[in-house]
Number of protein chains: 2
Amino acid sequence: MANLSIGAAAKASGVKVPTIRYYESIELLPSPPRTGSNRRTYDAGDVRRLAFIRHARELGFEVEAIRTLLKLQDEPEQPCAAADAIARDRLAEVEHRIASLQALRAELIRMVEGCSHGHVGACRVIEILADHGECAYHQGGEPAVLAGRPGG
Amino acid sequence: MANLSIGAAAKASGVKVPTIRYYESIELLPSPPRTGSNRRTYDAGDVRRLAFIRHARELGFEVEAIRTLLKLQDEPEQPCAAADAIARDRLAEVEHRIASLQALRAELIRMVEGCSHGHVGACRVIEILADHGECAYHQGGEPAVLAGRPGG
DNA sequence: GCTACATCCTCTAGCGACTAGAGGATCAAG
DNA sequence: CTTGATCCTCTAGTCGCTAGAGGATGTAGC
């Protein structure tokens with residue numbers, strides 16, 4: 001698998017064409033060789049790198065964290081403590097999120113059930129999410145991953 | 001707890017001062033009464049609402065989704081069918097998110113376990129993220145969590 | 001060869017959800 | 001009555017894309 005067009009690399013990696021160009025522009029992906037007519041050509045290694053980036057983004061890694069991981073990959077003699085730390089941070093956050101979402105889920109189920117009995121009544125969505133002032137997750141400060149959902 | 005300054009409301013809710021003003025500007029938070037010298041004054045209800053918004057954002061809900069949740073809370077008398085639909089939509093979203101995050105969590109655990117005490121050469125972080133082809137997390141189509149960091 | 005039309009190129013501008021800073025008013029403490 | 005924190009409005013910047021303009025090139029069918 002070599003000399004892929006940007007479109008083929010996009011298909012193979014799952015990263016959109018403009019996003020590949022964007023990654024090149026921020027130097028997350030090296031500038032590939034060009035054809036005589038100035039078109040980018042990618043190989044299997046590029047596709048792998050793109051797939052890696054895509055997956056890492058989906059896991060909520062920031063671009064800077066991904067940059068660090070790629071650097072670690074390029075210099076495999078170094079211990080992977082940094083990569084491990086990044087993964088651990090993500091894991092802690094993901095676990096907290098799951099817990100919060102499960103609480104919200106329970107409340108939404110309660111609402112849907114209340115609805116099926118003819119009244120919305122005292123909706124406690126706000127309480128369920130507002131009342132957790134002391135939860136450890138928030139001591140650390142800023143949220144690491146906020147939504148940019150596919151639509152947004 | 002009443003007549004809080006914007007700074008006090010920020011401290012109490014965990015939402016930053018400029019962000020509170022931003023939420024007002026996009027009408028996620030109602031414009032509060034002002035003092036004679038034009039300063040915003042908040043009460044306990046505003047703080048709860050802000051804390052709710054913050055939690056929901058941290059859970060990855062878009063502002064528009066939060067708006068519908070708040071509307072459901074604000075107007076408990078609205079026709080049951082409408083409330084039910086909103087709650088059901090959010091519930092579906094929450095459940096999808098939980099599922100995605102659980103798959104993600106499993107991967108992160110594998111990553112951390114594979115990584116511990118190793119070197120990057122043997123570190124599975126990169127392998128796992130690059131060889132993502134059969135990862136269940138991706139079957140669902142769209143990524144549930146993408147980064148839009150607090151600066152993003 | 002010629003015509004469609006897809007794909008590529010660069011560039012700029014826009015999005016959501018903030019965040020930072022300028023420039024000025026006001027408040028609370030010493 | 002000064003000092004410094006906090007408040008006000010406003011504009012512009014951030015991240016990680018995404019969309020569109022305007023034009024060049026590649027490819028398939030006739």
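Lettering of chains follows the sequences in order, A, B, ..., and the numbering in each one begins at 1.
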Could you check which of C:dA17, C:dC8, D:dC8 has an atom nearest any side-chain atom of B:Arg57?
C:dA17

Side chains of B:Tyr23 and B:Arg57 in contact at under 4.5 Å (non-hydrogen atoms):
yes

Out of C:dC18, D:dC8, C:dT10, minimum distance to the side chain of A:Arg34 belongs to C:dT10

Can you tell which of D:dC8, D:dA24, D:dG16 lies closest to the side chain of A:Glu62?
D:dG16

Rounded to the nearest angstrom, tell me the gap between atom CD in B:Glu24 and atom P in D:dC10.
12 Å

5′-ward residue of the pair B:Ala8/A:Ile26 relative to DNA chain D:
B:Ala8

Nucleotide nearest A:Ser37 when distance is taken to its side chain, options C:dT26, C:dT10, D:dG26
D:dG26

Got B:Arg34 and B:Arg40 here, is their nearest side-chain heavy-atom distance under 4.5 Å?
yes

Cationic N near anionic O, under 4.0 Å, B:Arg67 to B:Glu64
yes

Among the nucleotides C:dT7, D:dT6, C:dT19, whichever has the atom closest to the side chain of A:Arg39 is C:dT7

Assign A:Arg40 to base, sugar-phosphate, or nothing according to its heavy-atom contacts below 4.0 angstrom with the strands shown.
sugar-phosphate

Could you tell me if the side chain of B:Pro32 sits less than 4.5 Å from the side chain of B:Glu24, heavy atoms only?
yes

With distance as the sole test, does B:Ser13 use its side chain to make a donor-acceptor pair with the main-chain N or O of B:Ala51 at under 3.5 Å?
no

Atom-pair distance (CD1 on A:Ile53; C1' on D:dG16), nearest Å:
13 Å

Between atom CD in B:Glu64 and atom P in C:dC15, what is the gap in whole Å?
14 Å

For a quick check of understanding: with a heavy-atom distance under 4.0 Å over all strands, which category does B:Ile6 fall into, base, sugar-phosphate or nothing?
sugar-phosphate

Whole-Å distance separating the OH atom of A:Tyr22 from the C1' atom of D:dT18:
11 Å

Given DNA chain C, 5'-ward residue of the pair A:Lys11 and B:Thr35, judged by closest heavy atom:
A:Lys11

Kindly say if B:Tyr23 contacts the phosphate of C:dA17, meaning a side-chain N or O under 4.0 Å from OP1 or OP2.
no

Any idea which of C:dC27, C:dC8, C:dC18 is nearest the B:Thr19 side chain?
C:dC18

Name the closest nucleotide to the B:Val63 side chain, picking from C:dT10, C:dC18, D:dT18.
C:dC18

